[in-house]
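Step one of this worksheet: look at the structure below.
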2 protein chains.
Amino acid sequence: MNTHITSLTIGAVAKRVGVAIDTIRYYEREGLLPEPLRRASGYRSYDEGAVRQLRFIRRAKDLGFTLEEIRDLLALSADRHRGVKAVKKRAQERLAAIDERIAELTRVRNGLEQLVEACPGHGSPEQCPILRALVDEDAQS
Amino acid sequence: MNTHITSLTIGAVAKRVGVAIDTIRYYEREGLLPEPLRRASGYRSYDEGAVRQLRFIRRAKDLGFTLEEIRDLLALSADRHRGVKAVKKRAQERLAAIDERIAELTRVRNGLEQLVEACPGHGSPEQCPILRALVDEDAQS
DNA sequence: CTTGACTCTAGACCTAGATCAAAGGTCTAG
DNA sequence: CTAGACCTTTGATCTAGGTCTAGAGTCAAG
């Protein structure tokens, strides 16, 4: 519960969150982070809220959300009550997209595995099922 | 076994393989396709071998190989005998990379699923496990 | 006060894999 | 012969998510 007033430079924020300074400025340009206060010198001045928001962005990115989707999530999370429903919907959509991607990769994976297993690893290229599958239409499983 | 002499324009090749004309020229620039013969007019003149090679590239790409890896595969496939071993090795590496990617996606997927299941879909943002997980470090499973 | 680390802006550049535009030459059906 | 489809080149543009540069100003330690 350490809510004392802090004033962090962009470098300090970057270090805390583990992200590059340029990335923070980039997120600001892209509307993912609000424009921070400025010192007299023009230096950006951040507080803990900015650190939290930046961590939010990074975690959402780790879950595979695009920056555009994250912008949307941030807007929704600011909407007390009504936002929750929409956030859940976005998460479900993301989950479905991941499932689809996994299924697709699994299909490719299994096809490739069959080829690898069938390949003796020596002999002429004509006998290699991997090369045959790549060259001949009809050699596909 | 239709190996009669054919001469195809780039457009005809593109249509047969189902790829854009620009993509064929791009592959040529990138060294994935040999420079074709030219008519007196300068038009590229392709034969069935080029069509086969282009299909090879497309199939390999569908299996998740990058264009750089495909360049390598093409070189290997030209090596009668010794190439087969290396091709199998590349395919095994590709398979391992896909497995790793699937495992990673599955981890993310399961984490996200838990959050979705725990979210009531209404109420205040503080009660939404999805938002909590994104905001708070310690709310992570 | 000096030095070195930090920050500012605007804008260029990067990867991968294409895709498009402009300005012009060629080919073919009618 | 002409319309219109097709082809040529060079070079720019796109997506996504940053990363880097130059030139200038600021801050903190000693």
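Order of the sequence lines fixes the chain letters, A, B, ..., with proteins taken first and strands second; residue numbering starts at 1 for each chain.
Side-chain N or O atoms of B/Glu69 include one that pairs as donor or acceptor with a backbone N or O of B/Thr66 at under 3.5 Å.
The nearest whole Å value for the distance from the NZ atom in B/Lys15 to the C1' atom in D/dC7 is 15 Å. One atom, CD of A/Glu30, and another, C1' of D/dG18, lie 10 Å apart when rounded to the nearest Å. Following rounding to the nearest Å, B/Ile10 (CD1) and D/dC6 (P) show an atom-to-atom distance of 13 Å. Atom CZ of B/Arg25 is separated from atom P of D/dC7 by 8 Å (rounded to the nearest Å). As rounded to whole Å, 11 Å separates atom P of D/dG18 from atom CG of A/Asp22.
If you check residues 69-77 of chain A against DNA chain D, you find no residue with a heavy atom closer than 4.0 Å.
Among residues two or more places apart in sequence or in another chain, the side chain to side chain contact (heavy atoms under 4.5 Å, CB included) test is passed with A/Asp47 by A/Thr6, A/Ala50. Legend: residues meeting salt bridge (Lys or Arg N to Asp or Glu O under 4.0 Å) with B/Glu113, ordered by chain and number and at least two apart, are B/Arg109. Residues forming a side chain to side chain contact (heavy atoms under 4.5 Å, CB included) with B/Thr23 (at least two apart in sequence, or on another chain): B/Val19, B/Ala20, B/Tyr27, B/Arg58. A search for side chain to side chain contact (heavy atoms under 4.5 Å, CB included) contacts involving B/Ala75 returns nothing, not counting sequence neighbours. Scored by the salt bridge (Lys or Arg N to Asp or Glu O under 4.0 Å) test, A/Glu104 finds A/Arg101 as partners (sequence neighbours excluded).
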Sort me out a list of protein N/O and nucleotides 10-15 of chain D N/O pairs below 3.5 Å, or just none if empty.
none

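Using a 4.5 Å heavy-atom threshold, the side chains of B/Cys128 and B/Pro120 count as separate. Side-chain atoms of A/Asp62 and B/Val108, non-hydrogen and from C-beta on, never get closer than 4.5 Å to each other. A 4.5 Å side-chain heavy-atom check between A/Arg25 and A/Asp22 finds at least one atom pair inside the cut-off. Counting only heavy atoms from C-beta outward, the side chains of B/Leu134 and A/Ile57 never approach each other to under 4.5 Å. No side-chain heavy atom of B/Arg16 sits less than 4.5 Å from a side-chain heavy atom of B/Leu54. B/Tyr26 places a side-chain heavy atom less than 4.5 Å from the side chain of B/Leu67.
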Intra- and interstrand pairs of DNA chain C - dot-bracket, Watson-Crick/G-U under 3.5 Å, | marks other strand: ||||||||||||||||||||||||||||||

Each nucleotide in nucleotides 23-30 of chain D should get exactly one letter: B, S or -. Can you fill that in based on protein heavy atoms under 4.0 Å? --BBS---

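Bracketed by its first and final contacts, the part of DNA chain C lying under 4.0 Å from non-hydrogen atoms of chain A reaches from C/dC6 to C/dT9 in 5' to 3' order.
Once rounded to the nearest 0.5 Å, the distance linking CG of B/Leu105 with CG of B/Leu112 reads 11.5 Å.
Residue contacts for B/Arg58: at a heavy-atom cut-off of 4.0 Å it reaches the sugar-phosphate backbone alone, with no base atom in range.
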Would you be so kind as to tabulate the donor-acceptor pairs closer than 3.5 Å made by side chains of residues 31-46 of chain A, with sequence neighbours excluded?
{"residue": "A/Arg38", "atom": "NH1", "partner": "A/Gly42", "partner atom": "O", "Å": "2.8"}
{"residue": "A/Ser41", "atom": "OG", "partner": "A/Tyr43", "partner atom": "N", "Å": "3.4"}
{"residue": "A/Arg44", "atom": "NE", "partner": "A/Glu28", "partner atom": "OE1", "Å": "2.8"}
{"residue": "A/Ser45", "atom": "OG", "partner": "A/Ser7", "partner atom": "OG", "Å": "2.9"}

Check residues 80-91 of chain A and write down every donor-acceptor pair under 3.5 Å in which the side-chain atom is one partner and the other belongs to a residue at least two apart or another chain.
{"residue": "A/Arg80", "atom": "NH1", "partner": "B/Glu126", "partner atom": "OE2", "Å": "3.2"}
{"residue": "A/Arg80", "atom": "NH2", "partner": "B/Glu126", "partner atom": "OE1", "Å": "3.3"}
{"residue": "A/Lys88", "atom": "NZ", "partner": "B/Cys119", "partner atom": "O", "Å": "2.7"}
{"residue": "A/Lys89", "atom": "NZ", "partner": "A/Glu93", "partner atom": "OE2", "Å": "3.4"}
{"residue": "A/Arg90", "atom": "NE", "partner": "A/Asp72", "partner atom": "OD2", "Å": "2.5"}
{"residue": "A/Arg90", "atom": "NH1", "partner": "A/Ala86", "partner atom": "O", "Å": "3.3"}
{"residue": "A/Arg90", "atom": "NH2", "partner": "A/Asp72", "partner atom": "OD2", "Å": "3.4"}

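Toward the 5′ end of DNA chain C lies the nearest nucleotide of A/Gly11, the other residue of the pair A/Gly11 and B/Thr66 mapping further downstream.
Considering every non-hydrogen atom in both B/Leu63 and B/Ile98, the closest pair reads O-CD1, 3.9 Å.
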